[in-house]
Peer 1: 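My structure is below; once you've seen it, I'll send some questions.
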Amino acid sequence: MSAHDHASPRTAAQGQPTRLLSPALLLAAVMSWLPPGVLVLVRLTSSDVPARVPTHWRGAGVVDGWGSSTFAFWSLLVPGVVGAFICSVLAVVLATDTTRIKAAVAIGLVSAVTGGIASAWFTMALSATGSSAALLPVLAAVVWGGLVFGICLLRRNPVD
């Protein structure tokens, strides 16, 4: 019996090669959970969250709509969690079915968009306090998506 007769982790029972989730895609999937996770952590640990936050701005940046901080939190957390779940599923599906650049674009884009949605609550809370850096959390989410994109590009082909 040769060494090839024994099943390896990369060989299915029928002898067909299977693709394993690369460490880079796994890291990208885990990273997609960080923006909603940070949102929950900050919300649970902050005692000075305003009760009302801006929910709409006119073109000149003037607030013209206000809403409950709790409602804004939940309405932004849910899409963040859904997006993180989608990134996790994409990491598994795209590991076996697409090129590296397509996987990186898909996961990076979904992570940036859902991270931006989740971080919008921070923008609302900072705006309510009069902070001049209110849009930085959204910018950070876009940079985060770019980082996830870059990590996806680092993955090696899991099949020899």
Side-chain angles (χ1 to χ4, degrees), residues 18-156 158:
T18 60
R19 295 186 189 252
L20 300 176
L21 184 62
S22 74
L25 283 180
L26 180 60
L27 178 60
V30 168
M31 287 177 67
S32 68
W33 285 95
L34 287 179
V38 168
L39 177 62
V40 169
L41 181 66
V42 169
R43 178 71 167 134
L44 292 176
T45 60
S46 294
S47 60
D48 58 347
V49 175
R52 295 181 54 78
V53 294
T55 57
H56 192 268
W57 293 260
R58 279 189 256 157
V62 177
V63 176
D64 65 354
W66 292 81
S68 160
S69 177
T70 302
F71 178 76
F73 169 78
W74 286 106
S75 64
L76 297 170
L77 177 65
V78 170
V81 169
V82 169
F85 178 75
I86 290 170
C87 283
S88 299
V89 170
L90 285 174
V92 173
V93 172
L94 296 178
T96 62
D97 217 16
T98 191
T99 65
R100 181 183 321 187
I101 190 71
K102 288 179 184 176
V105 168
I107 294 172
L109 185 61
V110 171
S111 184
V113 169
T114 58
I117 291 169
S119 68
W121 182 82
F122 293 113
T123 297
M124 292 174 178
L126 289 171
S127 287
T129 63
S131 174
S132 60
L135 288 178
L136 284 179
V138 175
L139 177 62
V142 172
V143 171
W144 186 259
L147 182 62
V148 170
F149 169 79
I151 287 174
C152 288
L153 287 178
L154 295 176
R155 72 182 178 99
R156 295 187 317 256

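Just the heavy atoms: all of them, side chains too, but no hydrogens, waters or symmetry mates, feed the values below.
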Peer 1: Please identify each residue that fulfils side chain to side chain contact (heavy atoms under 4.5 Å, CB included) with Leu27, with sequence neighbours left out.
Peer 2: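 Applying side chain to side chain contact (heavy atoms under 4.5 Å, CB included) to Leu27 gives Met31, Ile151.
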Peer 1: Give me the one residue out of Leu76, Val38, Leu136 that meets side chain to side chain contact (heavy atoms under 4.5 Å, CB included) with Phe122.
Peer 2: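 Only one of Leu76, Val38, Leu136 forms a side chain to side chain contact (heavy atoms under 4.5 Å, CB included) with Phe122, namely Val38.
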Peer 1: Measure across Pro35 and Gly115 and return the closest heavy-atom pair with its distance rounded to 0.1 Å.
Peer 2: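 Looking at all heavy atoms of both residues, the shortest contact is CB-CA, 3.9 Å.
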Peer 1: Are Trp144 and Leu34 side-chain neighbours, meaning at least one heavy-atom pair lies under 4.5 Å?
Peer 2: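 A side-chain contact exists here, since the closest heavy-atom pair is under 4.5 Å.
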Peer 1: What pairs with Asp48 under side chain to side chain donor-acceptor pair (under 3.5 Å), at least two apart in sequence or on another chain?
Peer 2: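 By the side chain to side chain donor-acceptor pair (under 3.5 Å) rule, Asp48 matches no residue at all.
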Peer 1: Closest approach of Ile117 and Pro79, non-hydrogen atoms and distance?
Peer 2: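 Closest approach of Ile117 to Pro79, heavy atoms only: CG2-CB, 3.7 Å.
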Peer 1: Rounded to the nearest 0.5 Å, how far apart are OG1 of Thr114 and CD1 of Ile86?
Peer 2: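 Spacing of OG1 (Thr114) from CD1 (Ile86) equals 7.5 Å.
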Peer 1: On a heavy-atom basis, which atom in Ser119 and which in Gly116 lie closest, and how many Å separate them?
Peer 2: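 Closest approach of Ser119 to Gly116: OG-O, 3.1 Å.
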Peer 1: Please enumerate all residues that pass side chain to side chain donor-acceptor pair (under 3.5 Å) together with Trp33, with sequence neighbours excluded.
Peer 2: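 Here the qualifying residues are Ser88.
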Peer 1: What pairs with Leu109 under side chain to side chain contact (heavy atoms under 4.5 Å, CB included), at least two apart in sequence or on another chain?
Peer 2: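 Expected list: Val113.
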Peer 1: Quick check against the 3.5 Å criterion: does Ser111 have a side-chain atom that pairs as donor or acceptor with the backbone of Ile107?
Peer 2: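 Not confirmed, Ser111 side chain does not pair with Ile107 backbone.
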Peer 1: Could you tell me which residues satisfy side chain to side chain contact (heavy atoms under 4.5 Å, CB included) with Leu77, sequence neighbours excluded, listed by chain and number?
Peer 2: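 Once residues adjacent in sequence are excluded, the partners of Leu77 under the side chain to side chain contact (heavy atoms under 4.5 Å, CB included) criterion are Pro36, Leu39, Val40, Phe73, Trp74, Val81.
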Peer 1: Side-chain polar contacts of residues 59-67 - donor-acceptor pairs under 3.5 angstrom, sequence neighbours left out - could you list them?
Peer 2:
from: Asp64; atom 1: OD1; to: His56; atom 2: ND1; distance (Å): 2.7

Peer 1: Only counting residues at least two apart or in another chain, list the ones meeting side chain to side chain contact (heavy atoms under 4.5 Å, CB included) with Ser69.
Peer 2: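 So Ser69 forms a side chain to side chain contact (heavy atoms under 4.5 Å, CB included) with Arg43, Val49, Val53, Trp121.
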Peer 1: What are the two closest non-hydrogen atoms of Ala28 and Val148, and how far apart are they?
Peer 2: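 Looks like CB-CG1, 3.8 Å.
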Peer 1: Output, in order, the C-alpha distance, side-chain angles, deciding distance and verdict of side-chain contact (heavy atoms from CB on, under 4.5 Å) for Phe71 and Thr55.
Peer 2: CA-CA 10 Å; Phe71 178 76; Thr55 57; over 6 Å; no
